[in-house]
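Letters A, B, ... mirror the listed sequences (proteins, then strands); counts begin at 1.
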Protein chains: 2
Amino acid sequence: MSLPSQDERISDDIGIRLRLVRQIFGLTQRELARRAGVTNGAISLIEQNRVSPSISSLKKILEGIPLSLADFFTLNFSPSDEVFFAADDLTEIAHQPEISMRLVGRRTKGRALGMLHEVYQPGADTGETMLRHEGEECGIVVSGCLTVTVGTQERTLRPGEAYYFRSDIPHRFRNQGTEPCVLISANAPPTF
Amino acid sequence: MSLPSQDERISDDIGIRLRLVRQIFGLTQRELARRAGVTNGAISLIEQNRVSPSISSLKKILEGIPLSLADFFTLNFSPSDEVFFAADDLTEIAHQPEISMRLVGRRTKGRALGMLHEVYQPGADTGETMLRHEGEECGIVVSGCLTVTVGTQERTLRPGEAYYFRSDIPHRFRNQGTEPCVLISANAPPTF
DNA sequence: AAGATTTGTTGAAAATCCTAAACGCACGGA
DNA sequence: TCCGTGCGTTTAGGATTTTCAACAAATCTT
């Protein structure tokens with residue numbers, strides 16, 4: 001009967017995980033227990049890794065937060081867990097002098113999303129050999145004009161106008177105007 | 001990661017899911033039981049949804065496949081298509097009068113990415129009950145000022161400044177300034 | 001400073017899960 | 001046909017989890 005000294009049967013860090021999540025959302029064991037329809041004692045034992053909850057219990061508890069089982073197990077507290085705020089230190093990743101592409105957030109692996117602050121000087125051109133890569137991308141022109149070619153379609157976008165397409169369709173960006181063009185774009189999964 | 005609505009439906013039937021996975025990997029209950037170090041009876045009961053396994057059991061069983069808990073609860077596929085160019089006809093999706101959120105691209109299912117052109121009038125606030133959803137999001141302030149609260153951190157961003165964070169951390173946007181704030185944001189997977 | 005609340009932690013009993021062993025069924029070979 | 005093998009299912013009982021209720025510590029209130 002005695003409590004088995006936490007052998008590997010008790011899954012990893014379910015308890016720690018639950019406690020962390022619960023605290024992040026500012027709930028007490030009792031409050032969460034009330035919402036979930038379980039007892040606070042159960043939550044206490046689980047968080048201490050003294051027991052390994054049944055799926056049904058864990059699911060009930062997570063519904064009180066609420067959080068799906070999938071999200072609970074997928075939640076990654078270490079990698080891209082940080083909050084990013086940037087002033088002028090967006091990292092430059094452009095390859096051409098007349099094009100500036102500055103990345104929002106750190107260039108870490110495992111991101112779901114990439115966002116760029118781009119500036120195309122007059123005459124800037126990503127080239128006749130059209131770009132092609134995996135994923136999808138979109139953007140909004142903030143100032144200036146940008147000529148976007150996607151597959152057989154071409155269009156010159158003005159401030160406030162936008163695009164969205166699959167990145168495996170050959171594409172090209174050009175500034176045929178006389179003033180610099182500012183574009184904010186995003187892609188998923190991130191290319192950079 | 002998967003969409004919450006789908007998660008709920010899926011995680012309801014752990015049993016069906018386990019049986020499906022087991023069969024996909026061409027294992028019998030007994031063979032899986034042997035590899036996992038549990039009894040075939042347990043697997044049978046679980047697959048029939050006669051019991052709700054403990055996390056430790058389910059984890060042991062999945063290790064026999066092998067498959068991680070996170071992977072077990074997440075199974076998703078989705079394609080996408082079409083080229084999108086928009087002028088002023090970005091679709092409005094905001095629910096508050098003092099906040100405008102206009103979506104780039106069509107509101108189709110299976111997109112990899114969502115991009116919004118947002119305008120926060122002075123005083124606009126997404127609310128004290130912080131927002132929280134799956135995925136990651138980022139944005140750049142184009143004009144005006146925006147106060148962004150993420151978890152315990154808060155910061156007021158000015159034009160050119162940006163943020164990036166995991167969307168499951170409670171967050172809130174407010175315009176505490178005197179002029180409208182224009183923000184371009186992106187999220188993956190798309191919330192809208 | 002004492003009392004009232006709120007917090008997380010326990011112990012024993014009730015509820016639920018897991019194991020061991022047996023059961024029924026289907027298939028194949030001698 | 002009879003036997004052996006392999007499949008998923010079932011049952012009884014031991015093992016584990018969950019509840020219920022009480023507990024100590026910390027924080028507020030008065």
Side-chain angles (χ1 to χ4, degrees), chain A residues 1-69 72-73 75 77, chain B residues 10-69 72-73 128-129 151-152 170:
Chain A
M1 201 270 154
S2 62
L3 291 171
S5 55
Q6 277 72 331
D7 48 31
E8 76 252 46
R9 312 179 59 175
I10 292 179
S11 323
D12 293 358
D13 50 348
I14 298 295
I16 315 247
R17 234 162 212 265
L18 179 58
R19 173 158 294 175
L20 215 50
V21 170
R22 175 175 63 78
Q23 288 173 341
I24 284 177
F25 293 105
L27 297 171
T28 66
Q29 290 182 345
R30 280 188 157 83
E31 172 60 16
L32 177 54
R34 192 190 60 73
R35 296 195 196 185
V38 301
T39 59
N40 61 306
I43 294 180
S44 177
L45 293 173
I46 293 169
E47 291 189 351
Q48 293 171 278
N49 271 343
R50 304 261 302 267
V51 299
S52 176
S54 70
I55 294 289
S56 54
S57 304
L58 183 60
K59 181 156 182 279
K60 269 206 293 187
I61 292 170
L62 292 179
E63 280 169 355
I65 289 185
L67 194 69
S68 75
L69 279 166
F72 178 74
F73 287 109
L75 263 190
F77 295 102
Chain B
I10 289 169
S11 43
D12 269 342
D13 250 344
I14 301 293
I16 310 272
R17 219 176 155 92
L18 177 57
R19 174 159 292 175
L20 210 56
V21 171
R22 174 177 63 80
Q23 290 173 339
I24 286 175
F25 283 86
L27 297 171
T28 68
Q29 290 182 345
R30 281 187 157 84
E31 173 58 16
L32 177 53
R34 192 191 60 74
R35 296 197 197 184
V38 300
T39 60
N40 61 308
I43 294 180
S44 177
L45 292 173
I46 294 168
E47 291 190 351
Q48 293 171 276
N49 273 339
R50 303 260 300 266
V51 300
S52 177
S54 70
I55 294 291
S56 54
S57 303
L58 182 60
K59 181 152 183 281
K60 271 206 292 186
I61 293 171
L62 292 179
E63 280 169 355
I65 289 185
L67 195 68
S68 76
L69 278 166
F72 178 73
F73 286 106
E128 207 159 346
T129 31
T152 56

I'd like to know if R34(B) and E31(B) make a salt bridge, using a cut-off of under 4.0 Å between side-chain N and carboxylate O. yes
Contact under 4.0 Å: [X] side-chain N or O vs [N] OP1/OP2:
X	N	result
R19(B)	dT9(D)	yes
R50(B)	dT10(D)	yes
R34(B)	dG6(D)	no
Q29(B)	dC7(D)	no
Q48(B)	dG8(D)	no

What's the [atom1]-[atom2] distance between [X] and [N], to the nearest Å?
X	N	atom1	atom2	result
L32(A)	dT7(C)	CG	P	12 Å
I61(B)	dC17(C)	CD1	C1'	11 Å
N49(A)	dG8(C)	CG	C1'	16 Å

Of all the heavy-atom pairs spanning L58(A) and F72(A), show the shortest one and how long it is. CD2-CE2, 4.1 Å
Between protein and nucleotides 18-21 of chain D, what N or O pairs are separated by less than 3.5 Å?
from    : atom 1 : to     : atom 2 : distance (Å)
dT18(D) : OP1    : S54(A) : N      : 3.2
dT18(D) : OP1    : S57(A) : OG     : 2.5
dT19(D) : OP2    : T39(A) : N      : 3.1
dT19(D) : OP2    : T39(A) : OG1    : 2.7

Show your reasoning for whether side chain to side chain contact (heavy atoms under 4.5 Å, CB included) applies to L20(A) and D13(A). CA-CA 10 Å; L20(A) 215 50; D13(A) 50 348; over 6 Å; no
Mind checking side chain to side chain contact (heavy atoms under 4.5 Å, CB included) for R30(B) and listing every partner two or more places apart, or none if nothing turns up? T28(B), N40(B)
Should R19(B) and Q29(B) count as side-chain neighbours, where that means a heavy-atom distance under 4.5 Å? yes
The test is side chain to side chain contact (heavy atoms under 4.5 Å, CB included); show your working for S56(A) and K60(A) and say whether it passes. CA-CA 6 Å; S56(A) 54; K60(A) 269 206 293 187; 6.0 Å; no
